[in-house]
Protein chains: 2
Amino acid sequence: MSKIFVFGHKSPDTDAITSAVSFSYLQNKLGLDTKPVALGSITDETAFALDYFNVAHPEVVSTVSDQVEQVMLVDHNEAQQSADDIDKVEVLSVVDHHRIANFQTANPLYYRAEPVGCTNTIIFKLFKEKSIEIPKDIAGIMLSAIISDTLLLKSPTCTEEDIAAAEALADIAGVNMGTYGIDLLKAGTKTTDKSEQELLDADAKTFPMGDKKVRVGQVNVVDVDEILERKSALLEAMKIQSDAEGYDLFLLLVTNVLENDSTAILYGPYEKEVCEALDTTIEDSVLFLKGIVSRKKQVVPQLTVKFS
Amino acid sequence: MSKIFVFGHKSPDTDAITSAVSFSYLQNKLGLDTKPVALGSITDETAFALDYFNVAHPEVVSTVSDQVEQVMLVDHNEAQQSADDIDKVEVLSVVDHHRIANFQTANPLYYRAEPVGCTNTIIFKLFKEKSIEIPKDIAGIMLSAIISDTLLLKSPTCTEEDIAAAEALADIAGVNMGTYGIDLLKAGTKTTDKSEQELLDADAKTFPMGDKKVRVGQVNVVDVDEILERKSALLEAMKIQSDAEGYDLFLLLVTNVLENDSTAILYGPYEKEVCEALDTTIEDSVLFLKGIVSRKKQVVPQLTVKFS
């Protein structure tokens, strides 16, 4: 049994899964006994990346304290995005690129956050700082995460450091970033074979904002209408989830990864506030968000300010 | 006016003050416009270090949002240890070596925490990572912080990295670490010229633990009896502070920096719990804590577990 689990957030995206794999690889090279696990099933996009580079899919777990006493978090820190029993284990380290909230430890720890586009960009720097070589397969999945998080370096979250890391990783992985990147993003946009529940859960996070509990999901598409045709069924599923989980607001971002715009479906009583926060209008529960692709940078802070 | 303030915790010790100076120096070399400030008056020990190396004493402030919109925190993260109006400014970055708690941001930030003995050890690594040369005076005050935090490398919080940093900094500063270190520690142990209030406030922090608010102060001495002779007056001052601030428990650690043991004076109704947590006995409000010199590693986690 491995002594330390490494994992990203619930409803894992490609960065959450691959940063667990790459950071665990680094830690093991440094002499620790760690194992990457996943807090949810792997998306089509992530599966495409792992399979392309022949990397094993991490085991899916929902609790961890039954198997380990110590963990390392990647790509998240907030308790509600982590393992259900995160309060029962010791967090040894965190590598993340998100805001810090609802995170608390009894002991000093290793925490490395940087305001870059992708956790794997930070892990790339850690490999360099520790002078550990990145193997071809690990470089490939790290590159995939940067492409995924920055929509092929086009998101406003993308920094110079993400670009430099992606270019170096593409070299090591031996792929053409543009060609591989579009294949990867398209692999994550199949929606017709998914239930409403699956679309809502695929990449969704819960954020406390003031006294409100806000759920923001995101789904990447190449054809927005594929989703809008299912609006009624999606709203019904959002209502069921909101009632069950106590969300005050549920926003589903539908991001066109080729156009770099989003459309959003809103469930909840705060239409006016959301429109003000995101500087747009709403019609029949649908908002158009021109130029908005980043939940973290272009949606969550604006809603947080509005509701806090 | 500088655009960004850099500061350590309230009741600043040598690491809190000097890490603000050294991190501000580094950030300015990297092109930012920052200024170190202090959230409280400077101790005798810190003044000894600053004056020895001819470094200006940072300006003391209690609020920051009247002067700046953005800040960088060093040597702390918890809101109750920070500026009174910390919620009114944006925290751009944190460099720290403590637990993380009561810390929250709306935006991603740069956060660098490592479980080492001193914030300046992390800043030493940052200088190296950025390939910025450390000038003699900055090296001297950084070394002083490591000596202060690790009691001349003898505290259980001291790591290999602290030792390596201290040796490199002593070289740059051109001092003999042992000789200078004892002079520095002794400079911080004058207690006879201080009021009870000053002794309690000199290096004290408040920790929420479960539903309790716990105050832990620390004073370094070479003669413990100097403090114990004033026990009644100290307990009276602890009562007044506890009543005013709502502390459920007030512990004053009196650490003999030459012997590396502590004695503690306890005010509050939880004698049994504190003795269990710290594995000792109490007599007339006084506990002997053999081998205990580190509040962070040997006192706060143990009390946190007991009261949570």
Side-chain angles (χ1 to χ4, degrees), chain A residues 73 75-79 87-88 90-119 121-122 125-126 128-130 149 156-157 159 161 207-210 277 294-308, chain B residues 73 75-79 87-88 90-119 121-122 125-126 128-130 149 156-157 159 161 207-210 277 294-308:
Chain A
L73 310 186
D75 198 33
H76 77 297
N77 66 85
E78 304 194 37
D87 58 325
K88 297 203 179 76
E90 184 185 10
V91 178
L92 290 182
S93 68
V94 179
V95 183
D96 192 19
H97 66 131
H98 296 91
R99 72 168 192 175
I100 299 177
N102 309 301
F103 179 77
Q104 176 144 350
T105 64
N107 291 306
L109 75 164
Y110 186 101
Y111 199 113
R112 179 80 171 244
E114 299 188 18
V116 294
C118 181
T119 305
T121 298
I122 308 167
K125 291 170 70 176
L126 294 175
K128 295 203 126 187
E129 286 169 20
K130 303 290 184 188
D149 268 9
T157 58
T159 67
E161 295 198 288
F207 301 90
M209 296 183 186
S294 167
R295 169 171 55 192
K296 183 171 70 172
K297 203 149 185 166
Q298 298 173 299
V299 176
V300 170
Q302 289 74 5
L303 293 178
T304 302
V305 166
K306 178 58 84 178
F307 288 110
S308 293
Chain B
L73 309 186
D75 198 32
H76 78 295
N77 66 86
E78 305 193 35
D87 58 324
K88 297 203 179 77
E90 183 185 11
V91 178
L92 290 181
S93 68
V94 178
V95 183
D96 192 19
H97 66 130
H98 296 91
R99 72 169 193 174
I100 299 177
N102 309 300
F103 179 79
Q104 176 145 349
T105 63
N107 291 307
L109 75 163
Y110 185 101
Y111 200 112
R112 179 81 170 245
E114 299 188 17
V116 293
C118 182
T119 304
T121 298
I122 307 168
K125 291 170 70 177
L126 294 175
K128 294 204 126 188
E129 287 169 19
K130 303 291 184 187
D149 268 9
T157 58
T159 67
E161 295 197 290
F207 301 90
M209 297 183 186
S294 167
R295 170 173 53 195
K296 183 171 69 173
K297 203 149 183 168
Q298 298 173 298
V299 176
V300 170
Q302 289 74 6
L303 292 177
T304 302
V305 166
K306 177 59 81 177
F307 288 110
S308 294

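All heavy atoms count here, side chains included; hydrogens, waters and symmetry mates do not. Proteins get letters first, then strands, A, B, ... in listed order; numbering begins at 1 in each.
- Looking at Glu129(A), the atoms closer than 4.5 Å to chain B (heavy atoms on both sides) all sit in the side chain, from C-beta outward.
- Interface check for chain B: of the options Ala101(A), Ser93(A), Pro115(A), the most heavy-atom pairs under 4.5 Å are formed by Pro115(A).
- The structure places CG of Leu109(B) at 12.0 Å from CZ of Arg99(A), a figure rounded to the nearest 0.5 Å.
- Options Lys125(B), His98(B), Lys128(B) differ in how many heavy-atom pairs under 4.5 Å they form with chain A, and the most are formed by His98(B).
- Taken from NE2 in His97(B) to OH in Tyr110(A), the straight-line distance is 16.0 Å, to the nearest 0.5 Å.
- To the nearest 0.5 angstrom, Lys297(B) atom NZ is 8.5 Å from Asn107(A) atom CG.
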